[in-house]
Amino acid sequence: MILPRYDRRCGWYELLDSVSDHPVLTDDIDVDVLVIGAGFVGCAAARRMAENRPDDSVLLIDALKVGQGASGRNSGFVIDQPHKRDLESADETLKQKILRLNRVAVEYLETQIQRFDIDCQWSHAGKYQAAVGTRGIKHLDHYESLLKKGGETYHRLTRQEMQDVFGTDFYSAAIHTPGGALMQPAALMRGLADSMPSNVRVAERTAVSAITRTSKGFEVRTGKARIKCRQLILGTNIFTAELGYMADRILPIMTFASMTAPLSDEQMQRFGGRLDWGITPADHGGTTLRMTQDRRLIVRNSYRYAHDYNTPQAMIPMIAERHRAAFDARYPQLDDVAFEYTWGGASGLSANFETYFGELEHNVFASCCDQSVGAARGTISGMMLADMASGRKTELLQDMQRVSGNPSRLPPKPLLRVGVPLRLALERFRSRSEV
Ligand SMILES: Cc1cc2nc3c(=O)[nH]c(=O)nc-3n(C[C@H](O)[C@H](O)[C@H](O)COP(=O)(O)OP(=O)(O)OC[C@H]3O[C@@H](n4cnc5c(N)ncnc54)[C@H](O)[C@@H]3O)c2cc1C
């Protein structure tokens, strides 16, 4: 079984002033609900489950330290707008439901952040979508027409506004939507796991190696303990396949990010832009760019088929070079600004872009294939999995079921290992002006 590994490269995690400290599970234990995976899905599911059933015991475990998985390694956008394919759907009701679910997730995260005073650079910065060249502008115009059709608030920036915010004239056009939030993902995950209700026990560095169904529920093996539980919630993202579910449905795709050292006062002058914003590319194969509240620029691009789930260290220098080229194209005035960290992380896609949410088999609940927008989607999925497992029938749960689907069967792995890289290379070539 392939287990998650941490590579000590993720800037968000390495920059934390302190990390969560939940002991490895070493004692055999009986609980009502076991939640595996302490990412967005798992943290939201564990909290909601504990709130729904205050007399039940919940155990939340992760193979890694909280914040080391994909939920702590991303670009930190909590987006409210549906992602590309859903936004392009002709079904307006579906789009409105996704928008509402995402907005509930943003609000839910914000409530926890305020309630537990979680220090994670959370801000209502919204999101910029920016384009380069004719192809990019065509994508952006289309995006604008969809926002307009949905009655969404947005602002198309002038050239001067782009220069003032981004500190570069690299982009040809950009649109700002105000709804989403930005955050430091590893700090957010640490804060969420450290503030669980009293009926949730958290165990880190506790990897599940086997799940067996028994007459009363499940027996779950970890390295040092045996867990008995009545219900299981899997927040294990791509690793769900390793636990024996959805193996031929989850397409694990890795993407990479690099983070600079904080800009000095003098470098900030040369940069000439603002703090605390994030751009996603109009052409989806392009580059994501962020400026943090603490003066660090972050570049994200490049994809790989992550058949091995973890980041191959040999790829990092090549990826860092690509990120450097993207950075230099945008900020030639900052050629002395070095990257401090470069890392990769994988999330689950599906061949038909459907997200899975539901009961895999009796009392085993899961959400996966979030198409790499898991901050909002994973959070609301985790909340709704807990509602489903608690037997609560809410309108939000119905909406969640309505917007989720059935990821289609993937071709055999040997074919994927040839086909997916070719497809990714083609996408990268097509989007080259925005890389
Ligand atoms: C570089 C990058 C940038 C991204 N940017 C964004 C963004 O800006 N906004 C956004 O919404 N999404 C973004 N994503 C995607 C987002 O990070 C994922 O969609 C999200 O983290 C998925 O959350 P999750 O809870 O489903 O899974 P994960 O965060 O992957 O959590 C699964 C957890 O399960 C644990 N686990 C797995 N197997 C076992 C086992 N056997 N035993 C115990 N524990 C196990 C893992 O250690 C892991 O912590 C990005 C991803 C990357 C890599």
Side-chain angles (χ1 to χ4, degrees), residues 1-6 10-12 25 34-46 60-80 83 102 105-106 109 127 180-183 185-186 188-189 192-193 203-211 220-223 227 233-244 250 252-259 278-280 288 290 298-304 306 309-311 319 342-349 355-357 366-379 381-382 385:
M1 174 187 286
I2 305 178
L3 290 173
R5 285 195 309 270
Y6 183 61
C10 175
W12 298 120
L25 189 74
L34 171 64
V35 180
I36 311 177
F40 291 111
V41 172
C43 283
L60 171 65
I61 61 173
D62 201 293
L64 300 172
K65 300 279 291 173
V66 171
Q68 292 182 339
S71 292
R73 303 169 80 82
N74 53 66
S75 301
F77 292 82
V78 190
I79 58 164
D80 65 335
H83 71 74
N102 285 347
V106 177
L109 287 173
K127 180 171 82 73
L182 290 176
M183 44 84 183
L188 173 58
M189 298 323 296
L192 291 173
E204 297 175 300
R205 289 177 291 131
T206 302
V208 167
S209 51
I211 300 173
V220 174
R221 295 300 301 259
T222 68
I227 305 160
I233 299 182
L234 306 182
T236 37
N237 195 3
I238 52 172
F239 293 93
T240 308
E242 290 295 295
L243 295 176
I250 305 171
I253 296 290
M254 177 163 286
T255 186
F256 300 85
S258 289
M259 178 190 273
I279 297 175
T280 56
T288 296
R290 250 194 87 177
I298 298 165
V299 173
R300 187 218 52 83
N301 66 34
S302 305
Y303 293 96
R304 77 177 272 270
Y309 301 156
N310 291 297
T311 317
I319 295 290
T342 298
W343 68 92
S347 42
L349 274 59
T355 299
Y356 178 79
F357 169 91
S367 159
C368 47
C369 306
D370 66 25
Q371 317 299 328
S372 214
V373 286
R377 185 67 179 240
T379 298
S381 301
L385 286 177

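Because only heavy atoms are used, hydrogens play no part in the values below, and waters and symmetry mates are left out as well, while side chains stay in. Counting starts at 1 for both ligands and their atoms, in listed order.
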**Q** Check ligand 1 against L64 and write out every atom of the ligand that is under 4.0 Å from a heavy-atom position of the residue.
**A** 47 (O)
**Q** How long is the straight-line distance from CG of L192 back to CG of L109, given to the nearest 0.5 Å?
**A** 6.0 Å
**Q** Would you say A70 and ligand 1 have an N/O pair spaced under 3.5 Å apart?
**A** yes
**Q** Relative to the heavy atoms of P4, which atoms of ligand 1 are at a distance of less than 4.0 Å?
**A** 36 (N), 37 (C), 38 (N), 46 (C), 47 (O)
**Q** Could you list which atoms of ligand 1 come closer than 4.0 Å to a heavy atom of D370?
**A** 18 (C), 19 (O), 20 (C), 22 (C)
**Q** Say you draw a straight line from CD1 of I211 to CG of L34; how long is it, rounded to the nearest 0.5 Å?
**A** 7.5 Å
**Q** Relative to atom 32 (C) of ligand 1, which among G69, G39, G235 owns the nearest non-hydrogen atom?
**A** G235
**Q** Going by atom types alone, do R290 and S75 pair a side-chain donor with an acceptor below 3.5 Å?
**A** no
**Q** Between V208 and ligand 1, does any nitrogen or oxygen pair lie at a separation below 3.5 Å?
**A** yes
**Q** Between ligand 1 and S347, is the shortest N or O to N or O distance under 3.5 Å?
**A** no
**Q** Judged by atom type as modelled, is there a donor-acceptor pair below 3.5 Å linking the side chain of N310 to the main-chain atoms of A346?
**A** no
**Q** How many angstroms lie between CG in L25 and CD1 in I227, if you round to the nearest 0.5 Å?
**A** 5.0 Å
**Q** Checking contacts here: is it the side chain or the backbone of E242 that comes within 4.0 Å of ligand 1, counting heavy atoms only? Could be both or neither.
**A** neither
**Q** Any donor-acceptor pair under 3.5 Å linking the side chain of T240 with the backbone of I238?
**A** no
**Q** Within the structure, is a non-hydrogen atom of G378 found at a distance of less than 4.0 Å from ligand 1?
**A** no
**Q** What part of T206 sits under 4.0 Å from ligand 1 if we count only heavy atoms: the side chain, the backbone, both or neither?
**A** backbone
**Q** To the nearest 0.5 Å, how far apart are SG in C369 and CG in L349?
**A** 8.0 Å
**Q** Is the side chain of N237 donor-acceptor paired with the backbone N or O of F239 at a distance under 3.5 Å, no angle test?
**A** no
**Q** I'd like to know if I238 contacts ligand 1, where contact means a heavy-atom distance under 4.0 Å to any ligand atom.
**A** no
**Q** Using distance alone, determine whether L3 and ligand 1 share an N or O pair under 3.5 Å.
**A** no
**Q** Has T255 got a side-chain atom pairing as donor or acceptor with S302's backbone, closer than 3.5 angstrom?
**A** yes
**Q** Go through ligand 1 atom by atom and flag the ones less than 4.0 Å from a non-hydrogen atom of G345.
**A** 53 (C)
**Q** For ligand 1, is there an N or O atom under 3.5 Å from any N or O atom of V41?
**A** yes
**Q** Does any N/O atom on G37 come nearer than 3.5 Å to any N/O atom on ligand 1?
**A** no
**Q** Should you measure from each heavy atom of A207, which atoms of ligand 1 turn up under 4.0 Å away?
**A** 42 (N), 43 (C)
**Q** With side chains defined as the heavy atoms from C-beta onward, is the minimum distance between F40 and M189 less than 4.5 Å?
**A** yes
**Q** Within a distance under 4.0 Å of any heavy atom of R300, pick out the atoms of ligand 1 and give their elements.
**A** 3 (C)
**Q** Check whether any N or O atom of T236, backbone or side chain, sits under 3.5 Å from an N or O atom of ligand 1, and answer yes or no.
**A** no
**Q** Any chance you could measure W343, atom CH2, to I319, atom CD1, to the nearest 0.5 Å?
**A** 13.0 Å
**Q** Which of the atoms in ligand 1, numbered in the order shown and given with their element, are less than 4.0 Å from a heavy-atom of G76?
**A** 8 (O)
**Q** Nearest heavy atom to atom 24 (P) of ligand 1: which of S71, C10, A376 does it belong to?
**A** S71
**Q** Tell me the contacting part of F239 for ligand 1: side chain, backbone, both, or neither, using a 4.0 Å heavy-atom threshold, strictly below.
**A** side chain
**Q** State the atoms of ligand 1, each with its element, that fall below the 4.0 Å cut-off from a heavy-atom position in V373.
**A** 10 (C), 11 (O), 12 (N)
**Q** Measure I36 to ligand 1 on non-hydrogen atoms and call it side chain, backbone, both or neither using the 4.0 Å cut-off.
**A** side chain
**Q** As an exercise, state the distance from CZ of F77 to CD1 of I279, rounded to the nearest 0.5 Å.
**A** 8.0 Å
**Q** Under 3.5 Å, is there a donor-acceptor pair between the side chain of R377 and the main chain of N102?
**A** no
